[in-house]
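Notes to accompany the following structure.
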Amino acid sequence: RESELPDIKFDKNRTAVILYSGGTTGHPKGILLSNLNFNALSGQIVAANPMFRIGDKMLAAMPLFHGFGLGITMHLPLYNGYASVLIPKFSSKEVVKAMNKIQLSVLVGIPGVYESLLKDEKFIHHRTLKNIRVAFSGGDKMNVTLKQRFDDAMAKGGSKCKVFEGYGLTEAIAVICVNTFRHNKLDSIGKPIEGVEFAILDENGKQVKTGELGEISVKSPTKMLRYYKDEEATKRTFTEDGWLKTGDMGYMDEDGYVFFKQRIKRVVKVSGVAVFPSEVENLVETVPGVKECCAISIPDPKLISALKVYVVARYVDEEGMKRTILEHCRKYLFRWAIPKEIEFVDELPHTMLGKVDFKKLQEQSDAERK
């Protein structure tokens, strides 16, 4: 009966969801996110992409226990009147099945999703490919050559779609910076979306000059309330004046574009010089025949630490390809970043979200070397 119904008061700042992530500090934590966080995100993304319209159909192939999947491919479509096309377990075959029934207009995924779609002839030759207007990649760094291959395949299929890279973290649900048709720059993670401020901070919490490296930090209506039952970690993650520290290194150029370089804890000191494994990986993956790679730290008697690169190749002439990779690295990298070891493997370990699991490779290498 109506008289027995409880009096519910809506509170936009009340915890709506607890998502678990490695967090900015590297250890799994519960991240408390509010109603306001999710609703603000849904409005911000649409404001950044005015080509979105009611009736759009967005591919939802990301795990819904993750901020990217839940915030972008589930809540955002429902909030804005789009369709969310659920693919519970991603495969290119399932995407093609969905395309046979529904005309997808927006793709969202990690780089591995786009690599898989490019390999599927039924996808790249699908009659409805021309209806896909835009695609977004997040969760991991997208290789420049993968982006170009995907854009070219879409153009050949009669679509004007391009894949744009963005950046986010679970502590702010998902995307807080993204490239779009209006604003994009190659190799950047784009510009902050509406309502989000970015700052690049030094070790003392002071903002660095334009173009200088520092810790990417943000202020946004999507930033988390706190970590679940972990006041110390929450305190370490926020500055006194409210900046959320991401744990990532990067810089901002004079045009306001942000460039991600590396997780702070993943920087390798080679003879005291900071080397970014992701830069080495991005370069090696441009070598013809290289499908995927991962760089880790190994001990070195002279340099203290050096880099080793694990490579998955489409064909393997090990000695010839090693020479090609090293020549490429010597041409474009400074001496400390050139790998000391290269090992070819059939596959690399991946996390549940499809990212290369560099931590697992590092642990395996450390164990083998004792």
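This is a predicted model, so every value here is computed, not measured.
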In residues 58-65, what donor-acceptor pairs under 3.5 Å come from side-chain atoms, sequence neighbours left out?
none

Is the shortest side-chain N to carboxylate O distance from [X] to [Y] below 4.0 Å?
X: E232; Y: K29; value: no
X: E363; Y: K360; value: no
X: R266; Y: E281; value: yes
X: K308; Y: E343; value: yes
X: D120; Y: K93; value: no

Please round to the nearest 0.5 Å and tell me the distance separating atom [atom1] of [X] and atom [atom2] of [Y].
X: K209; Y: I200; atom1: NZ; atom2: CD1; answer: 15.5 Å
X: K130; Y: M154; atom1: NZ; atom2: CE; answer: 11.5 Å
X: I342; Y: T324; atom1: CD1; atom2: OG1; answer: 9.5 Å

Would [X] and [Y] count as having a side-chain donor-acceptor pair, cut-off 3.5 Å?
X: T128; Y: N131; value: no
X: E171; Y: Y227; value: yes
X: E165; Y: N179; value: no

With no hydrogens and no angle check, is any side-chain donor or acceptor of [X] less than 3.5 Å from a backbone partner on [Y]?
X: T170; Y: I173; value: no
X: D151; Y: V163; value: yes
X: T286; Y: L283; value: yes

ILVMFWY cluster, [X] and [Y] together (side-chain gap under 4.5 Å):
X: I110; Y: L348; value: no
X: F136; Y: L146; value: yes
X: L78; Y: F52; value: yes
X: M74; Y: I87; value: yes

query = Does the side chain to side chain contact (heavy atoms under 4.5 Å, CB included) test come out yes or no for V208 and L201, once each step is laid out?
reply = CA-CA 6 Å; V208 302; L201 306 180; over 6 Å; no
inquiry  = Checking S91 now: which residues fulfil side chain to side chain donor-acceptor pair (under 3.5 Å) with it, not counting sequence neighbours?
reply    = none
request  = Not counting sequence neighbours, which residues clear side chain to side chain donor-acceptor pair (under 3.5 Å) with R226? List them please.
outcome  = none
inquiry  = Quick test of your reading: applying salt bridge (charged side-chain N to carboxylate O under 4.0 Å, His left out), list the pairs with at least one residue in residues 184-193, sequence neighbours left out, ordered by first then second residue.
reply    = K141-D187, K185-D253, K185-D255
ask   = With E319, which residues qualify under side chain to side chain contact (heavy atoms under 4.5 Å, CB included), at least two apart?
value = K322, R323
inquiry  = Checking T210 now: which residues fulfil side chain to side chain contact (heavy atoms under 4.5 Å, CB included) with it, not counting sequence neighbours?
reply    = E254
query = Could you go step by step and tell me if R149 and E115 meet the salt bridge (charged side-chain N to carboxylate O under 4.0 Å, His left out) rule?
reply = CA-CA 9 Å; R149 284 165 47 220; E115 186 69 61; 2.7 Å; yes
List in chain and number order the residues that pass ring pair (Phe, Tyr, Trp, His ring centres under 6.0 Å) with [X], two or more places apart in sequence or in another chain; answer none if no residue qualifies.
X: F276; answer: none
X: F198; answer: none
X: Y251; answer: F259

message = Parallel, tilted or perpendicular: which one describes the rings of Y79 and H75, with boundaries at 30° and 60°?
response = tilted
ask   = For residues 51-70, which residue pairs qualify under side chain to side chain donor-acceptor pair (under 3.5 Å), counting only residues two or more places apart or in two chains?
value =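 Matches after skipping sequence neighbours: D56-S105, D56-R133.
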Evaluation steps, side chain to side chain contact (heavy atoms under 4.5 Å, CB included), between T222 and F38 = CA-CA 7 Å; T222 63; F38 277 89; over 6 Å; no
Contact list for residues 137-193, test ring pair (Phe, Tyr, Trp, His ring centres under 6.0 Å), sequence neighbours left out =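 Non-adjacent pairs meeting ring pair (Phe, Tyr, Trp, His ring centres under 6.0 Å): Y114-F150, F164-F181.
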task = Can you tell me which residue pairs pass the ring pair (Phe, Tyr, Trp, His ring centres under 6.0 Å) test with a partner in residues 344-370, sequence neighbours excluded?
result = none
Greater than 12 external heavy atoms within 6.0 Å of R335's CZ =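 Not more than 12 within 6.0 Å, no.
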ask   = Quick check: are there more than 12 heavy atoms from other residues, nucleotides or ligands sitting under 6.0 Å from OH of Y228?
value = no
